[in-house]
There are 2 protein chains.
Amino acid sequence: MAKRVRLIDIAERLNLTKVSVSKALRDHPDISKETRELVKKTAAEMGYTPNLLARSLSSRRSNTLGLVVPKIAHTFFSTVIDAVQEEATKAGYGIVLAVSSERAELERQHIERLLAMRVDGLLVSVSKEQPDRAIYEHVRQMNVPLVFFDRRIEDMGFSSVTVADRDGARLAVDYLIEQGYRRIAHIAGSSEVEIGRERRAGYEEALRRHGLPVPAHWVIEGGFDEQHGYDAFRRILQTGDLPEAVFAATFPIGLGVYRAICEHSVALCRSIQIVTFGEGGLNEFYTYPHLCVRQPTREMGRRAVEVLLAEIEALDAGREAEAPRHVVLETELVLPPDYPLAPLDGTPAHTPAG
Amino acid sequence: MAKRVRLIDIAERLNLTKVSVSKALRDHPDISKETRELVKKTAAEMGYTPNLLARSLSSRRSNTLGLVVPKIAHTFFSTVIDAVQEEATKAGYGIVLAVSSERAELERQHIERLLAMRVDGLLVSVSKEQPDRAIYEHVRQMNVPLVFFDRRIEDMGFSSVTVADRDGARLAVDYLIEQGYRRIAHIAGSSEVEIGRERRAGYEEALRRHGLPVPAHWVIEGGFDEQHGYDAFRRILQTGDLPEAVFAATFPIGLGVYRAICEHSVALCRSIQIVTFGEGGLNEFYTYPHLCVRQPTREMGRRAVEVLLAEIEALDAGREAEAPRHVVLETELVLPPDYPLAPLDGTPAHTPAG
DNA sequence: CGTCGTAGCTTAACCGATAAAGTAAACTCC
DNA sequence: GGAGTTTACTTTATCGGTTAAGCTACGACG
């Protein structure tokens with residue numbers, strides 16, 4: 001069993017002190033050029049790997065960011081994670097990932113652990129459950145920068161990067177109405193979370209603007225996943241009173257709705273128009289062309305890291321906590337041009353270019 | 001700015017030493033029941049969070065596992081990650097995630113960093129590029145347990161958890177042949193990686209067993225992603241000589257093939273049967289019913305953690321490195337019962353239950 | 001020529017915990 | 001009632017680094 005090489009091992013070999021070796025490796029001007037190079041060469045030869053634990057402990061910087069997401073097997077989040085990783089790596093930071101599985105308690109535990117690991121900053125997208133505010137107070141008290149992305153807690157004074165949820169939702173539903181749809185259902189997310197409330201608000205706004213009533217029996221709240229979409233639409237199917245279009249608060253919800261419809265009747269799944277907030281990355285393969293509100297996913301990850309790093313820098317430059325920044329990204333309504341929307345007379349209209 | 005609470009702060013408040021406090025918090029029998037409780041209460045009141053860096057440094061255990069995957073926005077990996085997280089959390093370990101983006105150099109850097117962080121063990125699925133063996137030698141030399149999952153390097157003496165790739169591939173292709181298909185293409189993965197070679201070998205075995213020739217022009221190697229599937233099948237389309245079925249080495253490859261076919265002709269995409277190794281989690285929504293080889297994804301994650309933890313335990317129980325374990329999981333051929341396969345006469349056969 | 005600055009190291013202290021060894025008082029036990 | 005155990009702490013050393021403050025020899029400068 002090979003012992004791990006430490007600074008002191010290199011130092012002894014070269015008749016130097018560990019401090020000199022440490023400095024040499026970090027290109028400290030105290031050390032002469034020749035010594036520096038000799039040290040580096042020797043370190044490489046001996047297979048030295050610095051102990052980041054020790055380094056972080058004494059330097060008080062871990063060069064690590066904590067990333068907490070509610071879910072991972074969801075294109076939106078895995079894309080954000082990817083972007084965050086990329087951006088963090090560029091800046092010399094590693095990331096520690098934690099998945100809360102949409103549960104507030106797990107979210108709490110994970111943040112606790114990340115704090116204990118002394119991450120330099122946190123990127124968080126909250127779970128769908130009522131959050132445990134105490135843990136965020138704790139973050140604040142420990143003076144660790146935190147940036148929410150996508151799903152935030154609005155009133156805790158942390159920075160955030162989000163999309164214009166209400167606008168995006170409103171524009172999508174506006175579009176449906178302009179195309180002649182009148183009977184529009186909304187499978188909403190959780191009202192515990194801002195994005196759930198905002199997307200719903202956008203939906204209602206659009207309806208009201210056009211003088212349409214909000215059909216309470218067609219607005220169903222719940223989670224953000226496929227299961228919720230499926231269950232919710234099954235409830236609608238059971239009433240027998242069907243909408244012409246469905247605005248789904250997330251892509252997975254849309255999938256669930258679609259599945260529920262198809263199971264019920266294949267013809268139907270071509271005549272009820274689905275619009276999802278967010279996309280799945282598989283739109284081309286998705287049987288029926290659906291509209292979607294595109295979010296700048298990778299940019300969200302990048303911007304979140306950017307804001308967080310700025311706060312970290314501000315912090316160790318000694319500047320006291322500045323006002324939180326709130327970055328709001330625009331969305332874009334995507335309509336596959338080759339495909340007609342679902343017709344209003346209930347007949348299939350799917351005639352992709354072939 | 002709140003100072004962070006340390007053991008010594010609690011100790012001073014209670015007129016104890018930090019060692020006693022440390023022991024009290026860890027329920028060491030040295031400390032009386034009353035003191036223990038007093039300490040815990042005080043610690044909670046003061047908002048104490050242990051510094052895991054310091055703890056890990058002195059105890060030589062970080063209680064952290066490093067997880068390296070080639071890709072994250074892919075159902076297979078995000079599912080494994082999820083399972084790993086769950087299992088690791090249960091056992092009191094955190095995970096540090098790193099994504100190599102299918103590049104050997106990034107993989108190297110990430111592993112280097114994880115070693116430097118002194119993770120207690122590593123879980124790795126290698127990138128599609130020729131791996132840098134030196135880094136794995138380094139892992140070995142540092143005596144850090146490592147378990148490969150899904151994609152491994154066969155001859156480096158590390159444990160692994162994989163699926164029976166060759167068998168799964170062979171059974172799938174066998175099935176196609178039994179159904180009467182004869183002209184079967186294979187869009188293979190990278191031959192740098194064992195799973196790429198094995199799946200291809202299974203495909204060829206099945207053909208040979210049935211006395212069919214291996215159609216070299218229909219076997220195209222490359223990456224594991226959608227792009228490769230798309231590009232590869234476009235090449236086949238250009239030749240004008242089309243197969244009756246395609247065996248795709250991964251689900252994303254299958255999607256790419258499907259896209260290429262649909263773009264070319266919608267009718268065609270219902271008459272060329274696609275079989276994928278692995279699934280996307282969206283099979284129900286996938287336009288044409290395709291066969292797939294189901295991998296026990298979550299189980300792979302669980303088993304990998306299990307094997308790794310066993311090695312970690314063995315290590316700090318002082319037992320010397322035992323022989324590596326190789327867990328091979330069985331796959332299952334999934335054929336959606338409601339849906340007929342693509343007909344051999346080239347006419348659409350898609351008539352899902354409605 | 002004495003003083004100051006500086007290049008190039010070294011020494012000492014510390015980061016925040018754990019591990020191992022030491023100690024004083026109380027408690028057993030024949 | 002004195003030796004041996006326990007009980008409940010304390011003291012000292014260590015983990016592998018970093019930071020801050022010495023120290024020394026050499027060259028420049030007024």
Side-chain angles (χ1 to χ4, degrees), chain A residues 2-40 42-43 46-64 113 115-120 142 316 318, chain B residues 3-40 42-43 46-64 113 115-120 142-143 316 318:
Chain A
K3 272 203 319 242
R4 295 173 180 182
V5 183
R6 298 157 302 167
L7 281 186
I8 205 170
D9 300 319
I10 304 177
E12 275 167 9
R13 182 107 105 81
L14 295 176
N15 264 327
L16 287 169
T17 61
K18 61 174 180 176
V19 178
S20 302
V21 174
S22 166
K23 286 179 173 170
L25 291 175
R26 283 175 297 140
D27 283 319
H28 190 110
D30 265 8
I31 308 297
S32 72
K33 195 151 207 150
E34 302 97 64
T35 310
R36 263 188 262 177
E37 266 154 33
L38 177 61
V39 168
K40 286 184 186 170
T42 318
M46 298 176 72
Y48 172 70
T49 307
N51 185 324
L52 289 187
L53 295 175
R55 170 177 295 175
S56 303
L57 180 58
S58 63
S59 66
R60 279 104 172 281
R61 316 196 71 262
S62 63
N63 271 268
T64 294
R113 178 166 233 275
L115 286 178
M117 291 179 72
R118 296 299 188 262
V119 293
D120 292 334
M142 301 250 314
D316 46 51
Chain B
K3 273 202 319 238
R4 295 175 180 180
V5 183
R6 298 158 301 168
L7 281 186
I8 204 170
D9 300 319
I10 304 177
E12 276 167 9
R13 182 108 106 79
L14 296 176
N15 263 326
L16 287 169
T17 61
K18 60 174 179 176
V19 178
S20 301
V21 174
S22 166
K23 285 179 174 171
L25 290 175
R26 284 175 297 140
D27 282 320
H28 191 110
D30 265 8
I31 308 298
S32 72
K33 196 152 207 151
E34 303 97 64
T35 310
R36 262 189 262 176
E37 266 154 33
L38 177 61
V39 168
K40 285 185 186 170
T42 317
M46 298 176 72
Y48 172 71
T49 306
N51 185 324
L52 288 188
L53 295 174
R55 171 178 294 175
S56 302
L57 180 59
S58 66
S59 67
R60 278 104 174 283
R61 316 197 74 258
S62 63
N63 271 270
T64 295
R113 179 166 231 276
L115 286 178
M117 291 179 72
R118 296 300 189 264
V119 292
D120 292 335
M142 301 250 314
N143 215 17
D316 46 51

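Remember, it's a predicted structure, so these values are computed and weren't measured experimentally.
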Enquirer: Which of the following nucleotides, dG16(D), dT18(C), dC9(D), is nearest to the side chain of Ile31(B)?
Expert: dC9(D)
Enquirer: Just N and O in the side chain of Tyr48(A): are any of them under 4.0 Å from OP1 or OP2 of dG16(D)?
Expert: no
Enquirer: Can you name the residues that form a side-chain hydrogen bond (donor to acceptor under 3.5 Å, both in side chains) with Arg61(A), not counting sequence neighbours?
Expert: Tyr93(A), Asp316(A)
Enquirer: Is any side-chain heavy atom of Thr35(B) closer than 4.5 Å to one of Lys23(B)?
Expert: no
Enquirer: Measure the CG-OG distance between Asn51(A) and Ser56(A) for me, rounded to the nearest 0.5 Å.
Expert: 8.5 Å
Enquirer: Can you measure Leu16(A) atom CG to dT10(C) atom C1' for me and round it to whole angstrom units?
Expert: 10 Å
Enquirer: For Arg60(B) and dC15(D), is the shortest distance between a side-chain N/O and OP1 or OP2 below 4.0 Å?
Expert: no
Enquirer: Between Arg6(B) and Glu12(B), is any pair of side-chain heavy atoms under 4.5 Å apart?
Expert: no
Enquirer: Tell me which nucleotide among dC15(D), dC9(D), dT18(C) gets nearest to the side chain of Leu57(B).
Expert: dC15(D)
Enquirer: Distance check needed: dT14(D) C1' versus Leu53(B) CG, whole Å only.
Expert: 17 Å
Enquirer: Looking only at side-chain N and O atoms, does Thr17(B) come under 4.0 Å of OP1 or OP2 in dT11(D)?
Expert: no
Enquirer: Whole angstroms only, please: what is the CZ-C1' distance between Arg118(B) and dC15(D)?
Expert: 11 Å
Enquirer: Using a 4.5 Å cut-off on heavy atoms from C-beta on, say whether the side chain of Leu115(A) contacts that of Arg4(B).
Expert: no
Enquirer: Using whole Å, report how far CZ of Arg55(B) lies from C1' of dC15(C).
Expert: 16 Å
Enquirer: What I'd like to find out is whether the side chain of Arg13(A) reaches to under 4.5 Å of the side chain of Val5(A), using heavy atoms alone.
Expert: no
Enquirer: Under 4.0 Å, counting only non-hydrogen atoms across every strand here, what does Pro29(B) touch: a base, just sugar-phosphate, or nothing?
Expert: nothing
Enquirer: Taking C-beta and beyond as the side chain, do Arg36(B) and Asp27(B) meet within less than 4.5 Å on heavy atoms?
Expert: yes
Enquirer: Using atom names, set out every protein N or O paired with an N or O of nucleotides 19-23 of chain D below 3.5 Å, distance rounded to 0.1 Å.
Expert:
from, atom 1, to, atom 2, distance (Å)
dT19(D), OP2, Arg26(A), NH1, 2.9

Enquirer: Ignoring hydrogens and angles, are the base of dG16(C) and the side chain of Lys18(B) linked by a donor-acceptor pair under 3.5 Å?
Expert: no
Enquirer: What's the CD1-P distance between Ile8(B) and dT18(C), to the nearest Å?
Expert: 13 Å
Enquirer: With a 4.5 Å cut-off on side-chain heavy atoms, are Arg60(B) and Leu53(A) touching?
Expert: no
Enquirer: So do Thr42(A) and Met46(A) actually touch side chain to side chain, heavy atoms under 4.5 Å?
Expert: yes
Enquirer: Rounded to the nearest angstrom, tell me the gap between atom CG in Asn51(A) and atom C1' in dC15(D).
Expert: 8 Å
Enquirer: In this structure, how many angstroms lie between the P atom of dA7(C) and the CG atom of Asp27(A), rounded?
Expert: 16 Å
Enquirer: Between the two ends of the helix from dC1(C)-dG30(D) to dC30(C)-dG1(D), what is the bend in degrees, rounded to 10 degrees, where each end axis spans five pairs?
Expert: 50°
Enquirer: Side-chain N or O of Ser20(A) versus OP1/OP2 of dG8(C): is the shortest distance under 4.0 Å?
Expert: no
Enquirer: Would you mind reading off the distance between Glu34(A) atom CD and dC9(C) atom C1', rounded to a whole angstrom?
Expert: 14 Å
Enquirer: Look at all strands and tell whether Ser56(A) reaches a base, only sugar-phosphate, or nothing, counting heavy atoms closer than 4.0 Å.
Expert: nothing
Enquirer: Could you check whether any side-chain heavy atom of Met142(A) comes within less than 4.5 Å of a side-chain heavy atom of Thr49(B), counting everything from C-beta outward?
Expert: yes
